[in-house]
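Presented below is the structure to which this report refers.
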Amino acid sequence: MSQTKHFEQKWQAKWESAHVFEADPDPKRQKVMVTFPYPYMNGPLHVGHTFTASRVDAYARFKRMQGYNVLWPWGWHWTGQPLLGASQRVARGDQEYIRVLLEVDGVPEAELKKFVDPLYMAQYYTNEGRLAAKSIGFSVDWRREFTTVMPTYQKFIEWQYKNLKEKGYVTRGTHPVVWCPKDKSPTGDHDRQSGEGVTSEEYTLIKYKLDEKTYLPAATFRPETIYGVTNMWINPDAAYVEATVNGENWIISQEAAEKLKEQERKVEVKREFKGKELIGKTFENPVTKLKFPILPGWFVDAKQATGVVYSVPAHAPYDWLALRDLQEKPEVMADFGVDPQLVLGIKPISIIKVEGYGDFPAVEIVEHMGIKNQHDPKAEEATKTLYKKEFHGGVLKASCGPYAGKSVREVKDILIKDFKKMGVADSMYDLPEPVICRCMTQCIVKILSDQWFLNYSDPQWKQKAHAAVAQMNIYPDSAKPWFNTVIDWLREWACARTTGFGTPLPWGKGWIIETLSDSTVYMAFYTVNKQIKQNNVKAEALTPEVFDYIFYGKGNPSELAKISGINVDLLEAMRAEFLYWYPFDLRNSAKELVPNHLSFCIFHHAALFPPEHWPKAIGVNGMLMVEGKQMHKSKGNFITMKGAVEKYGADATRCGLLLGAEGMDDPDWRAENISDLQGKFEGLMGFASGIIACAKNGEDTMLERWLQSKLQSRIKEVTASLDELKTRTALQVALFETWNDLRWYIQRKGNTNAKALGDAVKVWLKMLAPFAPFLCEELWSQTGEEGFICVAQWPTFDAGKVDVAAEEQENLITDLMTDTSNILKAMKITPKRICYYTAAPWKWQVYLKILDKTTAGEAKINELMKEFAADKDLKPHMKDIAGLVPRIIKALTKVSGERKANMQKIKAVDEQTILEGAVGFLHERFNAEVSVYGENGEARFDPKQRAAMAMPYQPAIYIE
RNA sequence: GCAGGGGUCGCCGAGCAUGGUCAAAGGCGUAGGCUUCAGGAGCCUAUCCUUCAGAGGUUCGUGGGUUCAAAUCCCACCCCCUGCACCA
């Protein structure tokens, strides 16, 4: 076993036996409750989960070290269809799927056999998931764990839905869904062989009259064009039927009759016939009462909607093309026994005025695009273009009855409503493209009746949800407007279905609460599930009244105790526990959940809880990529949490992920980076151990003060970043930048003996502990400190330890080194001897004066010169000052405001002493003899007269 | 199509809100040196171009604009990612 593995297991066991992550209410301490959306258990936890949860864990550990009482509970989502589907695929012997389970998920064959039981499968993954979460070091209170099929959880969901219903958030209605006739269930995107993303569209059917008792319901998205109809198109070769539809006599395609049966229509087919039978007959426009002929249109697809299409050649390219085709070959009409004159006499009727087109936009666009005939693929594009143009910019002309003068966009919905009221229109749903189910059956649109909805359309509910968003923190801030747009955008959500695992709807037989709807406020359940499990409270006892008491304080505990059999103390303890922990302080997930789960969570909290129990903060992060691509089991780039920890160790996995991205950016998992980091951590262990072993001497030179000072700014930045869930920045600073500080100190110092260095390493480990907990525990134990680092006190910024003089001293050294190497680079030589010359005192006087002026406002050279001339100490140097002033002004423009302020604070610097102290270091660096002189030093070696160039903070240099 | 997020010096990624301190942090990679029996690790240095003196030049998706000054502000365009509903 590797050393890493060894101490990871050691510390995991120690934390567990010390119960450090088990959190109970403690009135003396402030609480922080963090949550992570429970993962769905049809597979193992993967690195995507790991990324999101690592952010939660880093935050939890950080807050715990800050002294908060931190609760992080965890649960498992078993609700829904996919678990059943997965199990069925195993039962069916789906080799492809079984291979994935064996090879990707790493399921042993003996276990796999038992997956024919979906609950067994879920339990298997749950057990594996728990082990993985523990092995990566998530600081979870496992006493509160549950799955969503546990009876006690289901009682909670019953309580939730009872309340939602009573408050009027649950409504009933009908809804069209993509439906597999064979499976007899809705076919979601994941269940489809082809046709992903296809959703149903609603057509308006205009009920043209064939005769007094027979209708030709023509399907359209543009019912306003009824005023421009010139004829009807029927595919002469397609099969049509005459059928009674809800008591009316309709002529529609054979397929349409079947479809309508699933859309709440009573359909009785009376006879079947070919379309050509209709050609040449006339029909009546039910609005204008005018009569028009029925013509053959081969472009008409009987599989689409009713298979009956009316023709508006002025505004619909297909209609114009079909008409033109016929008019060019009127003889085809003879085949149907129809007088060709009937066709030749048809003229387009203009009804919509639209900018950029004349009276007949369809005719124009066909000509402009050079479309040949009704079979030309460009006709589709022309249709779309014109539809959009006329919808957005079209105005109905005088011939359009009561709608004349109105824009198409504003009138469309009104017109549909009116026509339906008049009995001249109906509607049906259909799919714009074919959808094939996994079972290879072609899907249709079915209208589900008596469907239950969460009424997210309710404006008052939306308003409350907005209020909830307004009072919480969202990380990153830029996600806040997104939540608000989603809240505005959500509509009724079907919250129950008939198949899959889940909690039965308390009032609706045969309905099961759908998976995104049973996972919205369960964070509240964590607060009391500890007691429920510890006291073995039976589900039957958890009546809605009991939960009303726990969550709302409603009712009398002693009476409830009698009825429920739960004793009063326990009831009161549960109420107290809820009140202590709720609301949660952070919920963090990937951004894919913003438009659904996270928004639902906000909606439901707003509906069920008073504002003081609304979420405090929500964090959103990107979607994990693997080697630049989306992770997929089928793509062969699926990495499990367990696998990652085994291969790279927990700390490297966590940190590798967290260094990937923050905010809403997508992190990219690169195996090479993770294993590099693993190596880095090994190096870190040796580095830190070495220091811990020998840093004992109580020195306190400028260098120790520099280290201490530098550390303060690191502490400040890491703390501030973690508070905003900027985990990447925080880790970056904690790990790399602080490490670089320590290295610099050691180089300058030349040894690692100072106790101050050891203290700095301890601070460093504390800052790293939320990210790399195992390694930090291990090193912490070497420092001789008592207790776990995971509950050690988080370092706090101490302004008293900031030493700007020490920092400026080091800045002087680094600047000087940069200049020196710049010169060396330009000279392209290996130096033998380097001489530095520090500025004379009078130059400091000038420098500081200019510094004051530049920070106060503008430094005017002539005014400065006057002031300097008036100073009797400076008077003798006026000739040199004239050249020096512009140089100083220029040099100062490159100095940051912060450093200028520091320079003002510390005044003149004893560069001579500082540089002399660094001679040994500089000598090693440049591998040359290094000497330091004052610019007027008597014994100075200055063959090229460089010394006079010296400026404060910029000693002159001579190299040979 | 609608909505949200992006395009930065080999790669990953800071910076952009509050324009100058930005040739632009940090990590990785690469090159050289030190250390080592060797390998690895570690440590140091360099890494847009030019420059024998600490300097200059050209860069931040594309094209315009504002300004003494723009990676940062404004406009237009191109490209990429994510979500879009009965499903986790």
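A quick note: this is a predicted structure, and the numbers were derived from the prediction, not measured. Letters A, B, ... mirror the listed sequences (proteins, then strands); counts begin at 1. Excluded from the calculations below are hydrogen atoms, water molecules and symmetry mates; all remaining heavy atoms, backbone and side chain alike, are included.
In this structure, A:Asn673 atom CG and B:C12 atom C1' are separated by 7 Å, rounded to whole Å. Atom CD in A:Glu627 sits about 13 Å away from atom C1' in B:C11, given to the nearest Å. If you measure from atom NZ of A:Lys384 to atom C1' of B:G1, you get 10 Å, rounded to the nearest angstrom. Atom P of nucleotide B:U82 and atom CE of A:Met631 are separated by 14 Å, given to the nearest angstrom.
Residue contacts for A:Pro476: at a heavy-atom cut-off of 4.0 Å it reaches no nucleic acid atom on any strand shown. No contact: A:Lys480 has no heavy atom under 4.0 Å from any strand. Across all strands, A:Leu735 comes closer than 4.0 Å to no nucleic acid atom at all (heavy-atom distances). A:Asp668 comes within 4.0 angstrom of no nucleic acid atom, judged by non-hydrogen atoms across all strands. Counting any heavy atom pair closer than 4.0 Å across all strands shown, A:Thr738 reaches no nucleic acid atom. Using a 4.0 Å heavy-atom distance criterion, A:Ser517 is classed as making no nucleic acid contact. Among the heavy atoms of the strands, none lies under 4.0 Å from A:Asn42. Using a 4.0 Å heavy-atom distance criterion, A:Met623 is classed as making no nucleic acid contact.
A 3.5 Å limit on both hydrogen-bonding distances identifies no Watson-Crick or G-U partner for B:A71. Pairing partner, B:A55: B:U50, with both Watson-Crick or wobble hydrogen-bond distances short of 3.5 Å. Using the Watson-Crick or G-U wobble rule with both distances under 3.5 Å, B:G83 pairs with B:C2. For B:C22, there is no paired nucleotide, since no Watson-Crick or G-U wobble pair has both relevant distances below 3.5 Å. In this structure B:C34 sits in a base pair with B:G42, meeting the Watson-Crick or G-U test at under 3.5 Å. Pairing for B:G10 is with B:C28, a Watson-Crick or G-U wobble pair whose two hydrogen-bonding atom distances lie under 3.5 Å. With both pairing distances under 3.5 Å, B:C77 is matched to B:G61 as a Watson-Crick or G-U wobble pair.
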Step-by-step ring-ring contact (aromatic ring centres under 6.0 Å, His included) determination, A:Phe603 to A:Tyr169: CA-CA 10 Å; A:Phe603 264 106; A:Tyr169 296 110; 8.9 Å; no
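Other residues, nucleotides and ligands contribute more than 12 heavy atoms inside 6.0 Å of the CG atom of A:Asn740. The number of heavy-atom neighbours closer than 6.0 Å to CD of A:Glu627, taken from other residues, nucleotides and ligands shown, is above 12.
Between the CH2 atom of A:Trp669 and the OH atom of A:Tyr648 there is a distance of 6.0 Å, given to the nearest 0.5 Å. Annotation: the span from A:Asn621 atom CG to A:Arg728 atom CZ amounts to 14.0 Å, rounded to 0.5 Å.
Between A:Arg748 and A:Glu810 there is a salt bridge, with a side-chain nitrogen of the basic residue lying less than 4.0 Å from a carboxylate oxygen of the acidic one.
Annotation: B:A3 and B:C77 have their P atoms spaced 14 Å apart (nearest Å). Nucleotides B:C16 and B:G54 place their C1' atoms 31 Å apart, quoted to the nearest Å. Rounded to whole Å, the P atom of B:C37 lies 40 Å from the corresponding atom of B:U50. Remark: the separation of the C1' atoms in B:A38 and B:C48 is 38 Å, to the nearest Å. Annotation: B:C12 and B:C81 have their P atoms spaced 15 Å apart (nearest Å). Here the separation of B:U18 from B:G13, taken at their C1' atoms, is 23 Å to the nearest Å. Nucleotides B:U82 and B:G32 have their C1' atoms positioned 44 Å apart, rounded to a whole Å. For the C1' atoms, the distance linking B:G19 with B:A71 amounts to 10 Å, nearest Å.
Proximity note for A:Met827 (side chain, C-beta onward) versus B:A53, B:C81, B:A88: the nearest is B:A53. For A:Tyr40, the listed nucleotide lying nearest its side chain is B:A88; candidates were B:A53, B:A88, B:G26. In the set B:A25, B:A85, B:A53, B:A85 carries the atom at the smallest distance from any side-chain atom of A:Thr199. For A:Gln732, the listed nucleotide lying nearest its side chain is B:A25; candidates were B:A25, B:A53, B:G4. Listed nucleotides B:A88, B:A3, B:A53 differ in distance to A:Trp482; the shortest reach to its side chain belongs to B:A3. Relative to the side chain of A:Thr485, the nucleotides B:A3, B:G29, B:G26 differ in distance, and B:A3 lies closest. Taking only side-chain atoms of A:Met949, from C-beta outward, the nucleotide of B:G54, B:A53, B:A88 with the closest atom is B:G54. Listed candidates were B:A88, B:G83, B:G27. Nearest to the side chain of A:Pro82 is B:A88. Side-chain proximity of A:Lys890 to B:G4, B:G56, B:A14: nearest is B:G56.
Of the residues near RNA chain B, A:Val178 and A:Arg946, the one whose nearest nucleotide (by heavy atom distance) lies more toward the 5' end is A:Arg946. When the nearest nucleotides of RNA chain B are assigned to A:Pro955 and A:Met625 by heavy-atom distance, the more 5′-ward of the two goes with A:Pro955.
On a pure distance criterion of 3.5 Å, no polar donor-acceptor pair joins the side chain of A:Asn822 and the base of B:G54.
Ring to ring, A:Trp764 and A:Phe771 are not that close: their centroids are 6.0 angstrom or more apart.
Using a 3.5 Å distance cut-off with no hydrogens or angles, the side chains of A:Asp518 and A:Thr503 do not pair a donor with an acceptor. Between the side chains of A:Trp744 and A:Thr814, not a single donor N or O lies within less than 3.5 Å of an accepting N or O.
No donor-acceptor distance shorter than 3.5 angstrom exists from the side chain of A:Arg587 to the backbone of A:Leu598, with no hydrogens or angles considered.
A cation-pi arrangement is found for A:Arg89 relative to A:Tyr97, the charged atom lying closer than 6.0 Å to the ring centre and inside a 45° cone about the ring normal.
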Each nucleotide of nucleotides 31-48 of chain B classed B (base within 4.0 Å of a protein heavy atom), S (only sugar-phosphate) or -, in 5' to 3' order, makes ------------SSS-S-
